[in-house]
Amino acid sequence: MINLILLGLPGAGKGTASESLVDRYHLAHISTGDMFREAISQKTPVGLEAKGYIDKGNLVPDEVTAKLVEERLTQKDTQKGFILDGFPRTTIQAELLEKITAKLNKPLTRVISIEVHEDVLIKRLSSRFICRTCGATYNKLSKPTKVEGVCDRCGGHDFYQREDDQPSVVKNRLRVNEKMNTPLRDFYHQKGLLAQVNGEQKPEKVFAEIDQILSQD
Ligand code: AP5
């Protein structure tokens with residue numbers, strides 16, 4: 001059973017690694033960022049609350065986020081294992097998660113932190129673009145579409161840049177997340193769950209490192 005957390009600053013490649021991990025291990029992929037964006041597009045109460053924080057690059061309050069994750073972890077598809085992508089981001093969230101996983105009897109088996117320097121992250125985030133039809137993520141620098149202007153996955157032609165990938169918001173996202181990153185890694189290091197991978201390699205190599213860690217557990 002794999003119940004995994006992927007840690008990493010914005011743009012570290014958590015979503016990209018998650019895609020390969022889902023293919024390989026058939027885990028439920030739980031991205032709090034994706035869940036918030038879906039709630040925003042549906043204009044739910046959680047979405048309306050989250051929007052104000054996300055648009056500025058700030059964190060949504062811990063309790064709101066933890067409640068969303070708790071509800072998600074009660075769903076059936078998480079029984080065969082899950083990836084938490086983007087949660088927890090604060091030690092308070094990590095403590096709340098401990099209570100949730102104990103209550104649901106779904107203990108964490110591994111925490112992997114994807115390490116990338118800030119200058120690389122800024123470039124990556126400003127070059128990311130997403131297919132509006134299917135949500136596939138690309139990058140002008142590292143992962144362009146095979147045919148220019150056509151989504152590899154669905155053939156769609158409509159792409160967009162995330163609002164929070166604008167340079168001014170990216171700076172704040174990095175500042176906010178960096179503050180919490182070390183305490184969070186320490187938290188899981190003390191529990192003997194933490195492994196770190198070099199996220200500045202090609203995505204296939206990053207995945208191979210993660211895969212090796214998981215296959216040795
Ligand atoms: P969220 O959507 O989770 O954003 P994030 O953590 O900022 O992460 P990203 O999705 O930007 O990056 P990623 O690490 O997944 O990188 P990706 O694989 O896409 O959260 C958005 C907002 O929601 C937060 O700011 C906050 O407001 C709120 N929120 C979410 N969770 C919360 C929580 N727990 N508590 C409170 N608030 C919360 O890759 C990025 C780009 O790089 C892509 O273009 C990709 O193609 C490219 N790339 C990936 N890997 C590589 C590689 N190895 N080499 C070259 N390019 C690469």
Side-chain angles (χ1 to χ4, degrees), residues 1-38 65 69 72-73 77-78 80-89 93-94 97 101 106 108-131 134-146 151-153 162 164-165 170 173-174 177-178 180-182 184-185 187-189 193-217:
M1 168 75 73
I2 296 174
N3 291 338
L4 171 71
I5 293 176
L6 285 182
L7 296 181
L9 292 173
K14 305 179 293 294
T16 302
S18 294
E19 262 185 46
S20 304
L21 287 164
V22 167
D23 283 349
R24 166 94 166 84
Y25 293 103
H26 310 290
L27 305 170
H29 176 213
I30 304 174
S31 156
T32 39
D34 286 350
M35 289 163 84
F36 284 132
R37 281 184 288 278
E38 175 65 20
T65 313
V69 171
R72 182 66 184 86
L73 281 173
D77 65 335
T78 63
K80 290 186 183 150
F82 56 83
I83 309 169
L84 284 170
D85 159 1
F87 183 90
R89 269 178 219 238
Q93 290 183 11
L97 180 63
T101 51
K106 290 177 173 166
L108 296 173
T109 56
R110 184 48 92 181
V111 177
I112 296 181
S113 175
I114 306 178
E115 304 291 328
V116 181
H117 289 101
E118 181 176 330
D119 50 339
V120 178
L121 295 174
I122 291 171
K123 274 190 210 141
R124 271 192 200 172
L125 291 174
S126 58
S127 316
R128 171 164 59 186
F129 61 102
I130 300 167
C131 172
C134 74
T137 297
Y138 298 96
N139 196 285
K140 284 179 201 153
L141 300 176
S142 58
K143 194 188 167 195
T145 52
K146 286 182 186 129
C151 176
D152 297 353
R153 197 198 280 169
R162 265 169 54 174
D164 61 350
D165 281 347
V170 164
R173 277 166 71 198
L174 287 171
N177 283 275
E178 264 163 359
M180 300 312 307
N181 207 29
T182 305
L184 208 48
R185 277 186 311 207
F187 182 93
Y188 288 114
H189 178 66
L193 288 172
L194 185 73
Q196 287 169 270
V197 300
N198 172 8
E200 293 188 16
Q201 316 171 79
K202 286 192 182 304
E204 310 81 72
K205 288 248 173 170
V206 177
F207 170 66
E209 266 195 44
I210 295 174
D211 195 27
Q212 195 182 10
I213 293 164
L214 295 178
S215 57
Q216 283 169 358
D217 279 345

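The chain is numbered in sequence order, starting from 1.
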Check whether [X] reaches the backbone of [Y] with its side chain - one donor and one acceptor, N or O, closer than 3.5 Å.
X	Y	result
Thr109	Asn3	yes
Gln93	Arg89	yes
Lys106	Leu73	yes
Ser127	Leu141	no
Tyr188	Ala195	no
Lys14	Asp85	no
Arg185	Leu194	no
Ser215	Gln212	yes
Asp152	Thr145	no

From Thr32, Leu84, Asp77, residue fulfilling side chain to side chain contact (heavy atoms under 4.5 Å, CB included) relative to Arg72: Asp77
Side-chain heavy atoms of [X] within contact of [Y], under 4.5 Å:
X	Y	answer
Leu4	Leu108	no
Cys151	Cys134	yes
Glu209	Asn198	yes

Pairing of Glu178 and Arg173 as salt bridge, 4.0 angstrom limit: no
Salt bridge present between Asp165 and Arg124 (N-O < 4.0 angstrom): no
